[in-house]
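None of the values given here were measured: they were computed from a predicted structure.
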Amino acid sequence: DRSILDRLAYERRELFEFWAHEASFVPTRLHPWLRWRMAARKPWGTIATMLRDEPRAVDAILREVTERGAIGAGDLADGGGRGGTWWGWGRGKHVLEWLFATGRVTTASRRGFERLYDLVERVLPAEVLDAPTPADLLEQVEREQVARHLDRDVEGPGVLLVVVAQFVEEPPVPLGG
């Protein structure tokens, strides 16, 4: 029942969306453990080109999210259209996904399949955002300990979270990248 997942992620904020292994729902209390990964995220093809050629595009779209609140890529003032076929991303979607991958925005809710992005500070609970970021996570915690820590969260009502040892690996390049 999708309503359970929607309630946990978008109402109770017990889960948040992130590129943990694939696009995943992750327990919100683990956000501090993933910050190092957000900070280390490398730009992929299209976004790397945009950061080089249009460095202000990211700031402009972040400013629009800041001013307007939860927004889909299609709602952007200058989303740049869509490229390619069904999954084709315009420049606005690439920027929103870059901001999402680097932890500056997150999914506030969804409109059908479409993500509505907003600033993390307006979506995630303050106690999660105020929690300290573990320094040098890989040196402090063995992969097995992380997996055991995450396994406790898999037992939620009707929610299956697949967590692989790749939790600490580089996430895949998003579709359209």
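Separation of atoms OG1 (Thr49) and NE2 (His94) is listed at 9.5 Å; rounding is to 0.5 Å.
Ion pairing between a basic and an acidic side chain is recognised when a charged N comes within 4.0 Å of a carboxylate O; Glu11 and Arg7 show no such pairing.
Looking at Val128 and Leu30, their side chains never come closer than 4.5 Å, going by heavy atoms from C-beta outward. Counting heavy atoms from C-beta outward, Trp98 and Val58 have side chains that approach closer than 4.5 Å.
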*Stepwise salt bridge (Lys or Arg N to Asp or Glu O under 4.0 Å) check, Arg91 with Glu54*: CA-CA 10 Å; Arg91 74 188 255 296; Glu54 302 177 69; 3.1 Å; yes
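Under the side chain to side chain contact (heavy atoms under 4.5 Å, CB included) criterion, Arg2 pairs with Asp6, Arg110, sequence neighbours left out. In this structure Arg35 satisfies the side chain to side chain contact (heavy atoms under 4.5 Å, CB included) test together with His31, Pro32, Thr133, sequence neighbours excluded. Partners of Glu121 according to the salt bridge (charged side-chain N to carboxylate O under 4.0 Å, His left out) rule, which considers only residues two or more places apart in sequence or in another chain, do not exist here.
Looking at Asp130, its side chain never comes within 3.5 Å of a backbone N or O of Glu127 through a donor-acceptor pair. Remark: the backbone N or O of Leu96 is not paired with any side-chain donor or acceptor of Arg104 at under 3.5 angstrom. Arg41 places no side-chain N or O within 3.5 Å of a backbone atom of Gly103 that could act as its donor or acceptor partner. Using a distance-only test at 3.5 Å, with no hydrogens or angles considered, no donor-acceptor pair links the side chain of Arg122 to the main chain of Asp118.
Residues Glu17 and Tyr117 bring no donor and acceptor atom of their side chains to less than 3.5 Å of each other.
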